[in-house]
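Just the heavy atoms: all of them, side chains too, but no hydrogens, waters or symmetry mates, feed the values below. We name chains A, B, ... by the order of the sequence lines, and we start the count at 1 in each one.
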Amino acid sequence: MVHSSLPPSKGLISSRQVLCTGMWEEERYPEGIKWKFLEHKGPVFAPPYEPLPENVKFYYDGKVMKLSTKAEEVATFFAKMLDHEYTTKEIFRKNFFKDWRKEMTSEEKSTITNLSKCDFTHMSQYFKAQSEARKQMSKEEKQKIKDENERLLKEYGYCVMDNHKERIANFKIEPPGLFRGRGNHPKMGMLKRRIMPEDIIINCSKDSKIPAPPPGHKWKEVRHDNKVTWLVSWTENIQGSIKYIMLNPSSRIKGEKDWQKYETARRLKKCVDKIRNQYREDWKSKEMKVRQRAVALYFIDKLALRAGNEKEEGETADTVGCCSLRVEHIKLHPELDGQEYVVEFDFLGKDSIRYYNKVPVEKRVFKNLQLFMENKQPEDDLFDRLNTSILNKHLQDLMEGLTAKVFRTYNASITLQQQLKELTNPDDNIPAKILSYNRANRAVAILCNHQRAPPKTFEKSMMNLQSKIDAKKEQLADARRELKSAKADAKVRRDEKSKKIEEQLMKLEVQATDREENKQIALGTSKLNYLDPRISVAWCKKWGIPIEKIYNKTQREKFAWAIDMAEEDYEF
DNA sequence: AGCTAGACTTAGCATGGCCACG
DNA sequence: CGTGGCCATGCTAAGTCTAGCT
């Protein structure tokens with residue numbers, strides 16, 4: 001209804017044909033041109049601050065204090081987070097207080113000198129009551145909000161890029177608030193300021209209807225850059241980085257890019273043996289730089305580690321990837337649990353997610369690691385002669401378009417394909433086959449270290465499921481007893497009933513197994529970002545599994561190109 | 001060669017709507 | 001008819017990588 005005026009396949013099929021000849025870029029969009037026409041309505045700004053009602057009080061040092069609007073707004077950000085552990089953290093409090101004071105009037109600044117004397121509890125209670133009231137709203141009131149959201153989406157949520165009406169991913173500007181980084185972030189608690197039209201750069205085509213800034217305001221800039229895909233950008237004040245409004249994954253421009261990514265990974269498949277032989281040779285190189293590069297690449301390939309760019313110290317949480325590993329992140333065990341040459345990894349990766357793994361490696365790798373660690377302090381770089389730029393330049397020489405992250409995509413996708421082959425039992429019914437699919441998916445998630453903390457309700461929900469299973473077992477026993485005692489003419493019907501219950505039981509048991517195995521593993525990220533969707537589509541076709549069992553609505557939209565093009569014999 | 005800005009992908013967590021169940 | 005749990009979705013932080021500069 002709302003998406004492209006053309007079926008999703010149309011543009012893609014024609015570009016596939018040109019892509020295969022390597023002409024796609026040149027033919028449709030010469031030299032990095034991303035579009036010819038781009039029209040949109042601009043961003044939706046965060047709602048303005050609504051001052052608190054008079055009866056909601058803030059107390060300083062036990063006394064009521066009326067705050068200026070600006071100071072009050074920032075105070076409400078803190079009050080809304082009061083239940084969170086991080087409002088007790090020193091860094092969070094220090095950063096918050098510093099930024100809050102900047103918003104205060106000079107009188108406020110001279111009075112409010114100690115955060116510990118600030119009492120936000122009344123404000124906090126007010127917000128809790130508000131959110132409670134929101135939950136208690138009548139159907140009509142809720143519907144009204146829903147309608148308004150839909151209207152907003154309809155007006156601002158779409159753009160026209162070339163001949164397609166496309167969904168925009170994030171057309172709402174991020175509201176102001178307190179920055180919460182992941183892990184031990186040095187900037188946690190800082191004030192994320194309100195974005196104004198004057199901060200906004202609009203990107204659209206010259207011949208489009210240019211979006212109007214809100215009354216009384218101006219855009220920072222309107223530009224017409226068709227070498228980029230974004231519609232709107234602004235500079236964020238915490239890290240000083242640029243934020244963008246871009247298209248939804250279902251859009252042509254994102255879909256084609258995604259497809260290209262998997263095609264690059266498939267090209268790696270063709271030369272990965274050669275590359276592996278090469279880096280194994282390089283373990284013996286006379287040059288330290290070459291050895292380090294070769295060992296790092298081995299880790300990236302074998303363990304699906306991220307590249308590991310350098311980060312500015314003190315600006316972000318202390319996390320690492322392969323090239324930025326430090327001596328303190330690995331332990332060498334000449335022998336461990338009956339295995340030789342074991343490397344024990346323990347470090348924080350992206351999003352401060354812990355990577356912990358004990359890996360037996362080849363003797364040569366082990367000896368090299370010992371060499372790299374000689375005469376170094378724990379906080380020294382393991383690969384002191386290497387960085388991602390050097391590594392990627394090397395990879396580029398091995399294969400056009402090859403970078404470190406392609407190994408993750410390649411290894412994830414090839415693992416899924418292998419595991420599906422290995423685990424799918426042709427005689428299984430649909431739920432059992434889906435369990436096999438999820439297990440294959442799980443193997444990938446483990447490889448990519450996509451872990452999650454077990455859901456808070458995990459134990460409880462497992463118990464609920466188990467009691468459902470027990471009840472179903474009872475029901476089955478009853479049905480069987482009835483079957484036995486039934487008269488001949490009722491037997492067939494009774495038998496059918498037992499069969500149906502049996503199937504339901506089986507389904508529940510499969511569900512329990514799946515959930516148990518999935519306790520600490522997140523499948524979503526690999527499914528969305530690493531697994532060539534054509535593998536899954538082909539598998540569904542081959543075994544007669546409805547695609548809806550594997551991909552939800554959003555995922556089907558994102559992977560429309562694959563659903564459309566992959567046949568059951570597709571090979572990654 | 002090294003550095004930084006810029007553009008784009010990948011990531012986990014919070015939220016809220018919906019549906020099964022009592 | 002209300003409630004509790006689950007999953008889809010939204011949000012935005014945090015990575016990767018390139019291009020362009022010095």
Side-chain angles (χ1 to χ4, degrees), chain A residues 32 34 46 81 84 131 134-137 139 142-143 145-146 149 153 157 169-175 177 179-183 185 187-188 192 201 203 225 227-230 233 235-236 238-249 253-254 257-258 260-261 300 306-312 315-317 319-324 348-353 387-393 395-396 401-406 408-409 412 445 448-453 455-458 460-462 464-465 467-468 471 511 515 522-530 551-555 557:
Chain A
K34 303 289 169 55
M81 294 177 158
H84 260 104
S131 89
R134 223 171 300 129
K135 279 181 209 151
Q136 299 303 322
M137 279 187 309
K139 250 198 187 122
K142 281 186 181 170
Q143 189 59 41
I145 293 173
K146 216 174 150 186
N149 283 335
L153 175 66
N170 55 323
F171 60 92
K172 287 178 185 161
I173 299 275
E174 296 168 22
F179 175 80
R180 309 127 92 159
R182 312 258 165 87
H185 198 115
K187 300 195 172 183
M188 64 169 93
K192 210 171 90 166
I201 301 174
N203 193 34
D225 183 356
K227 294 201 171 53
V228 297
T229 67
W230 54 267
S233 76
T235 300
E236 151 273 348
I238 303 290
Q239 317 278 355
S241 67
I242 308 169
K243 299 252 181 168
Y244 303 93
I245 292 183
M246 289 187 188
L247 297 192
N248 198 68
I253 203 147
K254 295 285 185 192
K257 198 79 192 297
D258 207 34
Q260 235 179 84
K261 173 181 78 183
I300 284 170
R306 295 186 186 83
N309 285 311
E310 299 109 294
K311 303 169 79 187
E312 217 175 324
E315 295 293 302
T316 58
T319 63
V320 296
C322 186
C323 293
S324 51
L348 297 181
K350 181 176 179 179
D351 292 322
S352 294
I353 298 290
N387 59 41
T388 55
S389 165
I390 294 169
L391 178 63
N392 279 333
K393 272 195 187 110
L395 293 176
Q396 193 59 240
L402 186 62
T403 61
K405 87 199 235 321
V406 179
R408 250 167 105 79
T409 312
C448 294
N449 199 42
H450 293 141
Q451 294 179 23
R452 61 168 186 181
K456 287 188 188 86
T457 54
F458 186 84
K460 201 177 163 196
S461 97
M462 264 335 267
N464 285 346
L465 196 52
S467 49
K468 268 193 199 172
Q511 200 188 343
R515 192 177 300 177
L523 300 185
T525 302
S526 53
K527 207 181 218 181
L528 226 52
N529 299 303
Y530 290 104
Y551 291 138
N552 68 31
K553 185 168 146 283
T554 317
Q555 292 163 341
E557 280 167 10

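Nucleic acid contact for A:Leu528: none, since no nucleic acid atom lies under 4.0 Å from a heavy atom of the residue.
In this model, no donor atom of one side chain and acceptor atom of the other lie less than 3.5 Å apart for A:Ser324 and A:Lys311.
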Study note, to complete from the structure: Its contact letters, B for base, S for sugar-phosphate only and - for none at protein heavy atoms under 4.0 Å, make nucleotides 10-16 of chain C read SSSSBSB
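With sequence neighbours left out, A:Glu236 forms a side-chain hydrogen bond (donor to acceptor under 3.5 Å, both in side chains) with A:Ser241. Looking at residues two or more places apart in sequence or on another chain, you find no salt bridge (Lys or Arg N to Asp or Glu O under 4.0 Å) involving A:Lys172. For A:Phe171, the ring pair (Phe, Tyr, Trp, His ring centres under 6.0 Å) test picks out no residue, with sequence neighbours left out. For A:Gln239, the side-chain hydrogen bond (donor to acceptor under 3.5 Å, both in side chains) partners two or more places apart in sequence, or in a different chain, are A:His185. For A:Ala445, the side-chain contact (heavy atoms from CB on, under 4.5 Å) partners at least two apart in sequence or on another chain are A:His450, A:Ile521, A:Leu523, A:Ser526. Applying the side-chain hydrogen bond (donor to acceptor under 3.5 Å, both in side chains) test to A:Lys261 and every residue at least two apart in sequence or in another chain returns A:Asp258. For A:Asn552, the side-chain contact (heavy atoms from CB on, under 4.5 Å) test picks out A:Thr554, A:Gln555, with sequence neighbours left out.
Nearest-nucleotide positions on DNA chain C place A:Lys553 closer to the 5' end than the other of A:Gly401 and A:Lys553.
At whole-Å resolution of the value, CG in A:Leu523 and P in B:dT10 are 17 Å apart.
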Distances for protein N/O vs nucleotides 4-7 of chain B N/O pairs under 3.5 angstrom?
unit_1: B:dA7; atom_1: OP1; unit_2: A:Trp230; atom_2: NE1; d: 3.3
unit_1: B:dA7; atom_1: OP2; unit_2: A:Trp230; atom_2: NE1; d: 3.4
unit_1: B:dA7; atom_1: OP2; unit_2: A:Tyr244; atom_2: OH; d: 2.8
unit_1: B:dA7; atom_1: O5'; unit_2: A:Tyr244; atom_2: OH; d: 3.4

